[in-house]
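This chain uses plain numbering: 1 for the first residue, then up along the sequence.
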Amino acid sequence: MESMQSTNESIKLRKLVIIPAYNESASIVNTVNDIKKNAPGFDYIVINDHSKDNTLQVCKDAGLNVIDLPLNLGIGGAVQTGYLYACQNGYDIAVQFDGDGQHDAKYLNEMAETLVKEQADMVIGSRFIEKEGFQSSFTRRLGIRYFTFLIKLLTGQKITDPTSGYRMCNRKIIELFAGNYPKDYPEPETTTWILRKKLKVLEIPVIMRAREEGVSSISFKKSFYYMFKVTMAIIIERTRR
């Protein structure tokens, strides 16, 4: 009965999928079709981050809902644009969703039900709870374990997948992110920020897929810069608040 009640409550809420897209012409239509098929109660918006390929034209040809950024803002700027859109258009729930085919829309309803039932502020889809599906590269897994340790050290809460971009937020977090969001590699930093504000963050197990096309923007060399930059951002953020 309680599960049915939370399902009914989540159905009534306005829910938005934010899809940041940079050079995702090969996968963006399949990504949106996955959402339409498996989560029809969700609206979506594609944020074309000034792609160099024909992502924008593919979106237009397919009749997709798209915002075309006039210059490349990076993942942080693209996602924040989505949160601004959600905030200005009265959405109660917003969720980040990769445009490269890695995320599976069949988990969206479960995430929304968990957010409502548990009165959480954020629900993260974690690939490391049940450790099924695509587990990322060895180097990236090392980085993920490092950020799990760092976040636990600073907040007392263990987040198994702190770099996951599959994150669903309530209205309170939508408004926070619409006003302030890191430019690069935002997930560990913003998760730490939310936890330090004593807001409720939960994880549910999901299975992620390997990207349909292209390669990750975080190369082996960039991974060390990534870890250093995010660590410094987290430490600096802690001194400010």
How far apart are the closest heavy atoms of [X] and [Y], and which atoms are they?
| X | Y | answer |
| --- | --- | --- |
| T31 | G101 | OG1-N, 3.7 Å |
| A105 | A39 | O-CB, 4.1 Å |
| V29 | A62 | CG2-CB, 3.9 Å |
| L108 | F42 | O-CZ, 3.6 Å |
| E187 | G165 | OE2-CA, 3.9 Å |
| A78 | P20 | CB-CB, 4.0 Å |

To the nearest 0.5 angstrom, please state how far the [atom1] atom of [X] sits from the [atom2] atom of [Y].
| X | Y | atom1 | atom2 | value |
| --- | --- | --- | --- | --- |
| T190 | Y181 | OG1 | OH | 4.5 Å |
| T192 | L154 | OG1 | CG | 6.5 Å |
| I47 | T81 | CD1 | OG1 | 5.5 Å |
| L16 | C169 | CG | SG | 11.0 Å |
| I204 | T114 | CD1 | OG1 | 5.0 Å |
| E189 | K183 | CD | NZ | 13.0 Å |

Checking the side chain of [X] only, and the main-chain atoms of [Y] only, is there a donor and an acceptor separated by less than 3.5 Å?
| X | Y | answer |
| --- | --- | --- |
| N33 | K36 | no |
| R171 | I93 | no |
| T55 | Y22 | no |
| K200 | E118 | yes |
| T191 | P188 | no |
| N38 | D34 | yes |
| Q157 | K152 | no |

Please enumerate all residues that pass side-chain contact (heavy atoms from CB on, under 4.5 Å) together with [X], with sequence neighbours excluded.
| X | result |
| --- | --- |
| E203 | I124, S126, I129, I159, T160, D161 |
| D92 | L13, R14 |
| K198 | none |
| N23 | S51, K52, D53 |

Trace of the side-chain contact (heavy atoms from CB on, under 4.5 Å) decision for F97 with Y44: CA-CA 10 Å; F97 197 90; Y44 74 89; over 6 Å; no
Salt bridge (charged side-chain N to carboxylate O under 4.0 Å, His left out) against D98, all qualifying residues, sequence neighbours excluded: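 Salt bridge (charged side-chain N to carboxylate O under 4.0 Å, His left out) check on D98 returns nothing, list empty.
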A side-chain contact here means heavy atoms from C-beta on lying under 4.5 Å apart; do [X] and [Y] qualify?
| X | Y | answer |
| --- | --- | --- |
| Y146 | L142 | no |
| M122 | L202 | no |
| I144 | P162 | yes |
| I207 | D104 | no |
| R167 | F177 | yes |
| E24 | V46 | no |
| S164 | M208 | yes |
| D43 | V17 | no |

Evaluation steps, side-chain contact (heavy atoms from CB on, under 4.5 Å), between Q102 and Y166: CA-CA 9 Å; Q102 290 195 80; Y166 204 173; over 6 Å; no
Evaluation steps, side-chain hydrogen bond (donor to acceptor under 3.5 Å, both in side chains), between D100 and S27: CA-CA 6 Å; D100 58 14; S27 57; over 6 Å; no
Audit row: R196, W193, side-chain contact (heavy atoms from CB on, under 4.5 Å) steps and yes/no: CA-CA 5 Å; R196 283 179 49 77; W193 177 31; 5.8 Å; no
Residues N109 and E113: side-chain donor-acceptor under 3.5 angstrom: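 Side chains of N109 and E113: no pair found under 3.5 Å.
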Polar contact flag, side-chain donor to acceptor under 3.5 angstrom, Y83-Q96: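 Yes, a side-chain donor-acceptor pair sits under 3.5 Å.
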Show me the donor-acceptor pairs within less than 3.5 Å that the side chains of residues 63-75 make with the rest of the protein, sequence neighbours left out.
unit_1 : atom_1 : unit_2 : atom_2 : d
D68    : OD1    : N48    : ND2    : 2.8
N72    : ND2    : D49    : O      : 2.9
N72    : ND2    : D49    : OD2    : 3.0

Hydrophobic cluster identity match, L84 and L176, side-chain contacts under 4.5 Å: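 Per the 4.5 Å side-chain linkage, L84 and L176 are not co-clustered.
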Stepwise side-chain contact (heavy atoms from CB on, under 4.5 Å) test for V206 and E130: CA-CA 8 Å; V206 300; E130 296 182 351; over 6 Å; no
